[in-house]
Number of protein chains: 2
Amino acid sequence: MDTPEYPAIDREALTRRLRTHGVTPTSQRLDIARELFEKPAHFSAEDVYERVNGVEAAVSKATIYNTLGLFVAKGLLRQVFVEPGKVIYDTNLDDHDHFYDEDSGTLIDIGSVGIAAAALPPLPSGTALDRVDVIVRIRRSQP
Amino acid sequence: MDTPEYPAIDREALTRRLRTHGVTPTSQRLDIARELFEKPAHFSAEDVYERVNGVEAAVSKATIYNTLGLFVAKGLLRQVFVEPGKVIYDTNLDDHDHFYDEDSGTLIDIGSVGIAAAALPPLPSGTALDRVDVIVRIRRSQP
DNA sequence: TATAGACTTAGAATAATTCTAGGTCTAACC
DNA sequence: GGTTAGACCTAGAATTATTCTAAGTCTATA
Ligand SMILES: [Mn+2]
Ligand SMILES: [Mn+2]
Ligand SMILES: [Zn+2]
Ligand SMILES: [Zn+2]
């Protein structure tokens with residue numbers, strides 16, 4: 001018998017995870033999901049492209065973007081905007097905020113700073129709260 | 001005598017404002033500042049380009065970007081990141097946060113939600129707090 | 001008035017992302 | 001088992017926002 005590329009249990013768990021969220025598990029989507037969901041982490045689209053396509057490119061950039069967008073739409077992933085022209089995909093779906101190191105570009109999970117809806121001014125009429133993004137920007141301090 | 005393009009007092013006040021912040025007041029910078037600082041507001045670079053260059057283009061796109069960048073560096077302006085690939089320049093320098101209407105793309109000033117430094121986890125060593133950005137994302141609610 | 005350095009500019013270049021249009025795969029049905 | 005509609009994937013072109021380049025212009029100071 002062949003040694004599978006990676007344990008069947010993983011692939012099956014991933015398959016279930018995608019199906020649970022209404023995503024048809026294609027082979028490309030599983031390849032991408034395998035890199036993403038190994039452990040909670042932050043990725044750029046380029047990161048994902050490089051990790052999925054180790055030596056030979058197997059999954060196209062268009063599919064990387066399509067899949068990341070689909071995963072976001074289906075609630076498997078969230079986006080964080082810290083810099084113009086650079087989206088970070090976050091596999092940590094718990095309610096949490098971030099430190100952003102402006103010198104190194106590193107994003108670090110912190111617990112939710114927890115802004116109570118009551119602390120906010122009334123929302124414009126006809127609108128509802130989607131979510132609150134808190135980015136704590138930090139810099140190297142002078143030594 | 002000629003009617004000046006706009007009152008001399010304004011131009012002088014703007015000139016002082018730029019000088020105070022260490023910015024040499026060139027004619028292009030004053031044209032840009034006049035649009036920006038008329039009243040507190042949010043602008044994209046394209047907005048500024050269009051407002052400064054009414055009928056005939058007088059200030060280049062490179063200068064718009066150079067100047068906006070300089071104004072940010074000198075503390076005359078701050079940037080807000082709400083969407084990838086789109087920087088918003090904010091002339092309101094008071095400590096404040098924003099509603100961002102994801103349907104219309106509108107940014108609305110709100111008072112500072114005021115996150116106490118004590119509410120945050122300890123910063124990574126060697127780093128200092130720069131600032132905390134809070135974006136309250138809202139959407140049209142179902143009618 | 002001369003001049004160094006600061007400033008401005010058109011247009012090219014870059015980077016991230018999206019679009020296009022045609023080929024491939026697959027689930028459902030015969 | 002064979003068909004097929006629709007979903008999916010892809011290379012490469014296109015788009016968008018922004019930055020860079022290189023050369024000309026302005027201006028403060030001597
Ligand atoms: Mn979920
Ligand atoms: Mn100021
Ligand atoms: Zn995170
Ligand atoms: Zn504002």
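What you see below is based on every heavy atom in this structure, not just the backbone, and it leaves out hydrogens, waters and symmetry mates. Labels below follow one simple rule: chain letters A, B, ... track the order of the sequence lines, proteins then strands, and each chain is numbered from 1.
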Atom pair distance, as rounded to whole Å: [atom1] in [X] and [atom2] in [N]:
{"X": "B:R29", "N": "D:dC26", "atom1": "CZ", "atom2": "C1'", "value": "12 Å"}
{"X": "B:I32", "N": "C:dC7", "atom1": "CD1", "atom2": "P", "value": "13 Å"}
{"X": "A:R19", "N": "D:dA7", "atom1": "CZ", "atom2": "C1'", "value": "14 Å"}
{"X": "A:I88", "N": "C:dT17", "atom1": "CD1", "atom2": "P", "value": "10 Å"}
{"X": "B:L18", "N": "C:dA6", "atom1": "CG", "atom2": "P", "value": "18 Å"}
{"X": "A:K86", "N": "D:dT18", "atom1": "NZ", "atom2": "P", "value": "15 Å"}
{"X": "B:D47", "N": "D:dA17", "atom1": "CG", "atom2": "P", "value": "11 Å"}
{"X": "A:L30", "N": "D:dC8", "atom1": "CG", "atom2": "P", "value": "13 Å"}

Is a donor from one side chain sitting under 3.5 angstrom from an acceptor on the other, for B:T63 and B:N66?
no

If you assign each of B:T24 and B:G85 to its closest nucleotide in DNA chain D, which residue comes earlier from the 5' end?
B:G85

Is any NZ, NE, NH1 or NH2 atom of the basic residue among B:D31 and B:R11 found under 4.0 Å from an Asp or Glu carboxylate oxygen of the other?
yes

Salt-bridge test for B:K61 and B:E46: reply yes if a basic N is under 4.0 Å from a carboxylate O, no otherwise.
yes

Pairwise distance CG(A:L123) to CD1(B:I138) - rounded to 0.5 angstrom
6.0 Å

From CG (B:L70) to CG (B:L76), nearest 0.5 Å:
8.0 Å

Determine: side-chain N/O of B:T26 to OP1/OP2 of D:dT27, distance under 4.0 Å, yes or no.
no

C:dC25 phosphate, OP1 or OP2: any side-chain N/O from A:Q28 under 4.0 angstrom?
no

Sub-4.0 Å heavy-atom contacts from residues 59-69 of chain A onto DNA chain D, ordered by number
A:V59, A:S60, A:A62, A:T63, A:N66

Would you verify whether the NZ or CZ of B:R17 falls within 45 degrees of the ring axis of B:F37 while also being under 6.0 Å from that six-membered ring's centre?
yes

Can you list every pair that meets ring pair (Phe, Tyr, Trp, His ring centres under 6.0 Å) and has a residue in residues 38-62 of chain B, with sequence neighbours left out?
B:H42-B:H98

